[in-house]
> 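This is the structure I want to talk about, given as structure tokens.
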Amino acid sequence: MAVRFVLLLSRQGKVRLSKWYTTYNQKERAKIIRDITPLVLGRALKLCNFLDYQDIKVVYKRYASLYFVMGIDAGDNELITLELVHHYVEVLDRYFGNVCELDLIFNFHKAYFMLDEMLIAGQLQEPSKKAITRAIEAQDRLVEEAKTGIVETALGTNEV
Amino acid sequence: MAASAVFILDLKGHVILFRDYRGDVPIKYAERFITKLNELEETGKVTPIILDEGVSYLYVQYSNLYLLIVSRENVNAASMLLFLHKLREVFVHYFNELEEESLRDNFVIAYELLDEVMDYGYPQFTEAKILSEFIKTDAHKMEVQARPPMAVTNAVSWRSEGIRYKKNEVFLDVVESVNLLVNSNGTVVRSEVMGALKMRTFLSGMPECKLGLNDKTLEGRVYFMQRLAWLTRRGGKNKSVEMEDIKFHQCVRLARFENDRTISFIPPDGAFDLMKISTLEAEERSLNWLRALTRYSGTAVYVPEKEALVWKIKSFPGGREFLLRAKFSLPSVAAEEEPHGRMPPIAVNFEIPYFTVSGIQVRYLKVIEKSGYQALPWVRYITAGGEYEIRMA
Amino acid sequence: MSGDGKYFSTTKKGEIHELKEELRVLDKSRRKDAVKKVIAAMTVGKDVSPIFPDVVNCMQTDDLELKKLVYLYLINYAKSQPDLAIMAVNTFVKDSQDPNPLIRALAVRTMGCIRVDKITEYLCDPLQRCLKDDDPYVRKTAAVCVAKLYDINPELVEDRGFLELLKDLLADSNPMVVANAVAALADIRETSTQDLLVLTNQSLFKLLRALNECTEWGQVYILDAIAKMQIKEAKDAESIVERVVPRLQHANSAVVLSAVKVVLLQLPLIADETAVKTLVKKLGPPLVTLLSEEAEVQYVALRNINLIVQKHPEVLSHEIKASQLDPLETFVFFCKYNDPIYVKLEKLDIMIALANERNIDQVLLELKEYATEVDVDFVRKAVRAIGRCAVTLERAAERCINVLLELIKQKVNYVVQEAVVVIKDIFRRYPNRYESIIATLCDSLDSLDEPEARASMVWIIGEYAERIDNADELLESFLEAFPEENAAVQLQLVTAAVKLFLKNPQPRAQQMIQLVLTYATQETDNPDLRDRAYVYWRLLSSDPEAARAVVLAEKPVISQGTATMDPQLLATLLGNLSTLSSVYHLPPSSFVTRAAHTPAPSLD
Amino acid sequence: MAVRLRELIRSVRQCKTAAEERNVIAKESAALRNAFQEQDVTYRHRNVAKLMYIHMLGYPTHFGQMETLKLIAATGFAEKRMGYLGLMILLDERQEVLMLVTNSLKNDLNARNQYIVGLALCALGNICSAEMARDLTPEIERLLQSSNSYIRKKAALCCTRIIRKVPDAVEAFQDAAAKLLADRHHGVLLTGVTLMLEICAVEPAAVDAYRRQVPSLCKILRSLLMSGFAPEHDVSGITDPFLQIQVLRLLRVLGAGNAAASDAMSDILAQVATNTEGTRNAGNAILYECVQTIMGVESSGGLRVLAINILGRFLANKDNNILYVALNILARVVSVDLQAVQRHRSTVVECVKDADVSIRRRALDLVYALVNEGNITALTKELLDYLKVADAEFKPDLTAKIAALVQRFAPDKRWHFDSLLQARCALLLAPHCFPLQGSWVDSVLGPVMTQAGGDVKEEVWRAFIVLLTNAPELHAYAARSLFRSLREHLASAELSLLATATWYIGEYGELLVRGGALLEREDALSVGPAEVVGLLEAVLQRPGLQPQCRNYLLTALMKLSTRFPDQADRIKGLLAQHKGSAQLESQARAVEYGQIFQYGELRNQLLEHMPPLDPAAYARSVA
């Protein structure tokens, strides 16, 4: 299974994050966002979390004011994709501690960092939330240390 | 043959306001409209009027909004589009700015207005100034119950009675803009002057105005007046009849003008365009275009956010010439879908006060009011660059 | 997955429930706020109909603003709650007798918008009163209300004599009332069988008089109504023209266009030829002035001008004796860089229509300029325009072709394709004159990927097979993908293969024709292609000589105007100037979908 | 001076209008251009962050692309991290600039710090081009065997992209991938299985080689099932559903068509199917996958029953998500086990009426697959009944499907005809949705046409003509029907009706005049040759007539000149009007047909009835 793209949409239809694992040009990306946003935002609560769009499936889940949306291959497992979405949400929640939309607006780059520790090439790389947060925190430390002047010699301790 | 409904949508097609006049095009058509519009934009076939499955969509875009009329009938398209522009003016008059937020904040008054400016899909009354006499934004003023002002149904629908000024004044601006298009090889493709008489009136009561323009025609000097065929030769059968392209504000008595060429009117209060004259001919040919510039002067800055090089020249005395040479180096990276083609034309803006290219002059402006006050007319002349473009090779 | 609520959460109760609560409070200003919230929710498409009774309860109020809001709500939801809508009737009836004309008008205006059959009966008495109200503001609103009522229940309107009352309003002392009465009658006429605007001298005169005095919109209604009248007398036509011509100077473009329409419609009745000529001339400048209006209005104007010049080319032609300063030169239709594309494309059409041997050089220079612009659609149309100039202006054809060749040499793919399409027409317009350029065209063969360009090229190959050395090879290269081709290309391929075979029946051509005809008869479900192929097949197998006579017959030169409109259609469209019909260039019957008359839902 | 990222975001959020926002962005973009021009190093990573933000808002950012490359080439981790993120957001594989980064990537892949290697792997895995993939394959091959699990798992996923770009690279990774199954780390196991799945998709031969791994895959699955509560990998009481599902998928690929492998996995599949709890989403996700695997491999009857039972439970579930995937399973197994699906027919038909459009679409697809000669009449009736009350938005889809169904399975052609006619009546109940209001042909085909592009529409009515021409008993009936429809909707008929009716009237015009036996409940039609030709003439004069239609008309008229000899002169005149047509094909027809008029007997012969297309032979030729 492969995720083709991940979108975070606000209730007002604003894009909070977009990550593309399949190559689309800017026009196609804009079209996908433009097409999918009203479809997802317009759905009533009771309905299922899946939509057919072109040759792909759209799996979405609403968390209060935010919609997490993933486009997946037509043959993929929709239910586990929902878990994937939830996996991401929990990672975000762990990291920010009671995550809210504003966290994602002002720290959008961090949301991307976490997504990159979770998915590569549209595939899940790490089923452990803890491992993901650990990796992110370790990297944050590296950045902080560089800032506070502890020079990169500290970096070289890890095996490769 | 009327509008079915008026929509105001944001650019994504979300409905901000929806006033249904005839009940035959439900609100969901807003979605169809935006889908169709996107589709047409993608294929480059977009037009301001769209027919889709028996429903016609007429719209104008303004800031971050679409003002949209839908209909199932053969409506008067020009009328509907102009109505939308008038509606825009009314909203701007009321809310200062017309955009999503101002509409949302004032949706109650916006609905009131929509109820008044159109009935059963037929445009009714769109004079913002008069409307604001009985549809008021300030809730407190509603304690005294409003009544429809006379003007709403009067022949003089643009002016209310009982206006009072201490000092009665009229300002008249004669504004001419020069449109010029020059080919890359230097030939003038198009050259025309558009004139406008803009008035601001601060007059009491119901003043009768009469405007006289210069009749230099007798001396054979002003081409403009020659073309005003009606001043001298009226519809002569053998002569070439050349009507000028003049448009008058609705206050001007057109029939009277047709009869004896008098420009007479009861003006609206405040600012308005009394008349517009297109395609005048420039008397001063020298102003045709800025050519063979030789020396750089003033400041020139590249302004990436405007995608423009802005060159400011402090003063440009007659007979002088300036040259600017600029070199653009392009970054090695290009936007993905940026069109590749020739450079857009150079646009030039300028203004020359106290001067008209055509030589048009106001001879007199008479103001007669039954109370017999004396009104002071002030006249100014300005020439400005309009669409002044020089094509690049 | 339960417990997702804890993420990104904000709490929210049932909105409808909250609103209901708020509508029931006693405090007036809070209640008004609640109604505002209801309207706000309604606006964004939420269904707030469940609180209908609570909202209607707020209707009896002195607060005009609140009243208007409740009325607005009623208009939207009365249809879904017809039983409850009756609740509102009493207030309506009361309001229609209010001392304030604003409230009387508001009541009668709103009642008409409530499309519930049961309510319309209660509407009749108030309407009758309001049609004769002292205040013109109430009368003008009542006039429109008759049209609303007619749409709900035409029998009722006729029984109660409202149509007569409405016709009486045509003679009202107030111009605005007259204008709305005209609009209402025109509206009713759309669905009624009887013509309600039958003209008497008197009524025409009254309308013309009101024309001078009513608002810009009213002027449009009156002009459009006059345009729909059957004028038979020359004298009527003349007095109409006399009264209408001053409107050409009106600042409102809709008034101008409707006035143009009315004048054009009277022309056939006016015997004096010079008068007609003068009138037509008078129409030009006001039309051109419309080009300085807003882009959307320009678009309507251009679509209209396009029609007008087809019928009266002299409208925009100018007298040669004037200097080059004449304002009505073609250049007014030259495209500005910032014109929206839809304006540019319309201007191109008109430029072509106005192109003549005097101005063609200027026009060509301009078209060439466009052909190198950025916008692909515009460029294509410009190239096509050059071709059309070549076809219409014989003496300029060579110059046009030179420009096309110049453009082809720049090897911009879509330019080449468009050029091939128009050159095919040039060949058919001027046989045996420009075929020398075929070689240049064949150079670009590979780049053609659009059906129309491919079809054109295939036709050129078939038609001029004897002049092209490797015609068979070229055609074969096209045939490889025969099944995938567009139907138009397939048709051309079939014909071209037959031509090639008839001109030079060598084995290769024979093989080719066999292949093509087999495919086109047995391996496609396109009935039209099969028809064509069977006819050829039968022809070739029964009488090869006849085949030559049929397929290789000399074709007449194609007609000049590639897009002349059917005169009857043109007349219809000119009669509908300024309306959608004239914008779409379609008769109203082909797109108007308003049902002739649909009964409103009844209460039972 | 330059503002922080936070401040930029804040000022954008404060903008009330789009114009204000544009203004803020324009200013910021200009400042960024300046900063980039001045080679500002200190704030480069902040500037790139802003650039990404601007990009996310949808404004152009190409002017700053090079900056991401500079950041990547820097030595600091903060710079690299932001640089790689920018690279992935602002660029993709199609940009040539990307090549410039290959060298930096190579360096970073060899870095000592695992996180730097991780960044490079992530970027490569998300956006590399074929060329880069080729250049860097040796590095990845090495990293796949790294002793560091953090790097191994990333390298494995990186490989999935590489082999998609460069299928030849499979060779380098095929064995190494299988070795990952011995890993203890879940991330590595998961990505290893993912890589194997990807390899199987690219290189079918690998499937045989990987069958050897079935026992170890079963072992992994078993240990997941048997493990107690594992906090690190627990999802609502289930241990690592992600890994379970991925293993089930791989098993499906390996077991398909291979009895031995299927046999080897049957125990564990049965265990998964029975032991997984279906109360939570994660469990259902596994069951969903498991059912598909059971149905996809050579399972024993008992195992299949197990799967069918789960499917039954799914279909009875109230949760729409479960219902949706159940319909999905049905759609996937319909080709292998029609019986199993037929059993749920009534549920499926109910789902066509569900409030949820996603469910309706699924169900409708299924109904389409379920219909056969035996149940067509019942099912169509059901669908037609529903069509009358369906949502307007859904009607076009539903109508199109009904039309396609009756076309495929009609028990007799008159029935077919009338079904379509009924579908049309249902549509007419919603005239606002279908202003076409054409004849039945148009109403049925109209929705199809508005939905799909040009080619599809034409296909539909062409197929329709094929069907009609092959039913001689209906020729007269259809001709009359089409004649009436065309006459009624002369001004508004769409292309499909115009073309179908025109062709039909041309081909069988004589049947209109001849009268003949009417079908049951059919009204008589009495027209003469002049009226028939007159109708076509009227169409020919319709404003805005498409050229394609005109061509149909010219041929139809030509045919009628032989069917109605007394109209020949009139037709000859009509055709002659088009001899100067600018339209290529119209002119050709007008001229050629004009010539044919010179020949008497030959003319009749040329325009005889066209042999109907043999649908079977045609289907073969198309296939």
Side-chain angles (χ1 to χ4, degrees), chain A residues 1-2 15-21 23-26 30 43-44 46-52 75 77-84 86-87 105-106 108-109 112-113 116-117 119-131 135 138-139 142-143 145-147 152 155-160, chain D residues 6 9 13 49 52-53 56 58 75-78 81-82 85 89 92-94 111-115 117 121-122 125-126 146-148 150-151 153-154 157-158 160-161 186-187 190-191 194 232-233 235 240-243 245 249 281-282 284-285 288-289 320-321 323-325 355-356 358-359 361:
Chain A
M1 62 178 264
V15 179
R16 297 292 181 217
L17 176 146
S18 68
K19 181 87 181 175
W20 306 86
Y21 297 101
T23 310
Y24 296 106
N25 66 34
Q26 297 300 339
R43 284 187 52 97
K46 282 274 159 57
L47 307 184
C48 70
N49 297 58
F50 319 126
L51 281 169
D52 299 301
N77 188 320
E78 299 87 349
L79 298 179
I80 199 67
T81 308
L82 277 177
E83 290 300 335
L84 207 54
H86 196 66
H87 197 56
I105 292 172
F106 285 102
F108 70 91
H109 50 296
Y112 278 106
F113 289 147
D116 283 342
E117 283 297 333
L119 296 177
I120 287 182
Q123 307 275 9
L124 181 66
Q125 57 171 308
E126 183 50 72
S128 159
K129 295 179 270 284
K130 206 161 149 198
Q139 292 175 64
L142 283 181
V143 172
E145 282 161 9
K147 242 194 234 168
E152 278 137 47
L155 290 182
T157 53
N158 284 303
E159 16 117 49
V160 168
Chain D
R6 254 190 126 68
I9 296 176
R13 280 171 59 76
M52 284 187 269
Y53 181 69
M56 201 157 69
T75 49
F77 183 76
R81 196 187 194 192
M82 198 59 89
L85 183 59
I89 290 183
D92 63 50
E93 59 170 307
R94 293 161 310 128
R112 288 193 305 150
N113 179 283
Q114 61 167 347
Y115 294 114
V117 181
L121 282 170
C122 181
N126 281 345
S146 156
S147 58
N148 181 335
Y150 181 78
I151 288 173
K153 68 178 185 190
K154 286 184 193 280
L157 290 187
C158 205
T160 64
R161 181 169 177 109
H186 276 232
L190 174 68
T191 54
T194 304
E232 179 118 7
H233 297 111
V235 176
D240 204 342
F242 301 108
L243 180 54
I245 281 171
R249 282 182 157 235
N281 182 63
N284 282 326
Y288 173 36
E289 202 65 49
N320 263 3
N321 283 346
L323 192 56
Y324 179 89
V325 298
D356 187 339
S358 296
I359 303 259
R361 292 253 149 82

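Below, chains carry the letters A, B, ... as their sequence lines are ordered, and counting in each starts from 1.
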> Between A/Ile105 and D/Arg13, is any pair of side-chain heavy atoms under 4.5 Å apart?
yes
> Which atoms of A/Phe108 come close to chain D, meaning under 4.5 Å heavy atom to heavy atom: side chain ones, backbone ones, both, or neither?
side chain
> Donor-acceptor pair, D/Ser358 side chain versus A/Phe50 backbone, under 3.5 Å?
yes
> Which bit of A/Arg43 is near chain D, if near means a heavy-atom gap under 4.5 Å: side chain, backbone, both or neither?
side chain
> Without swapping roles, check the side chain of A/Asn77 against the backbone of D/Tyr288 for a donor-acceptor pair under 3.5 Å.
no
> With respect to chain A, which residue among D/Asp240, D/Ile359, D/Leu243 yields the maximal number of heavy-atom pairs within a distance under 4.5 Å?
D/Asp240
> Looking at chain D, which one of A/Ala44, A/Ser18, A/Gly75 has the largest number of heavy-atom pairs inside 4.5 Å, strictly under?
A/Gly75
> So for D/Tyr324, is it side chain, backbone, both, or neither that comes closer than 4.5 Å to the heavy atoms of chain A?
side chain
> Between D/Cys122, D/Ala78, D/Gly58, D/Ala49, which residue shows the highest count of heavy-atom pairs closer than 4.5 Å to chain A?
D/Cys122
> Taking every heavy-atom pair that is under 4.5 Å apart, which of D/Met82, D/Arg6, D/His186 has the most such pairs with chain A?
D/Arg6
> For A/Ala135, is it the side chain, the backbone, both, or neither that has a heavy atom closer than 4.5 Å to a heavy atom of chain D?
both
> Pick from D/Leu121, D/Thr160, D/Thr191, D/Ile89: which one has the most heavy-atom pairs with chain A under 4.5 Å?
D/Ile89
> Given that the side chain runs from C-beta out, which part of D/Leu190 has a heavy atom under 4.5 Å from chain A: side chain, backbone, both or neither?
side chain
> Between D/Arg161, D/Met52, D/Glu93, which shows the greatest number of heavy-atom pairs under 4.5 Å with chain A?
D/Glu93
> Do side-chain atoms of A/Gln125 reach the backbone of A/Glu117 as a donor and acceptor pair under 3.5 angstrom?
yes
> Measure A/Ala30 against the heavy atoms of chain D and call it side chain, backbone, both or neither at under 4.5 Å.
neither
> Working note: D/Arg81 + A/Leu142, criterion side chain to side chain contact (heavy atoms under 4.5 Å, CB included); need CA distance, chi angles, decisive distance, verdict.
CA-CA 10 Å; D/Arg81 196 187 194 192; A/Leu142 283 181; over 6 Å; no
> For the side chain of D/Asn321 and the backbone of A/Asn49, is there at least one donor-acceptor N/O pair under 3.5 Å apart?
yes
> Between D/Asp356 and A/Lys46, does the salt bridge (Lys or Arg N to Asp or Glu O under 4.0 Å) criterion hold? Intermediate values first, please.
CA-CA 9 Å; D/Asp356 187 339; A/Lys46 282 274 159 57; over 6 Å; no
> Give, as side chain, backbone, both or neither, the part of D/Leu323 having an atom under 4.5 angstrom from any heavy atom of chain A.
neither
> Can any side-chain N or O of A/His109 pair as donor or acceptor with the backbone N or O of D/Tyr53 at less than 3.5 Å?
no
> Please classify the contact between A/Lys19 and chain D as side chain, backbone, both or neither, with a heavy-atom cut-off of under 4.5 Å.
side chain
> Give the C-alpha distance, both sets of side-chain angles, the deciding distance and a yes or no for side chain to side chain contact (heavy atoms under 4.5 Å, CB included) between D/Glu289 and A/Ile80.
CA-CA 9 Å; D/Glu289 202 65 49; A/Ile80 199 67; 5.7 Å; no
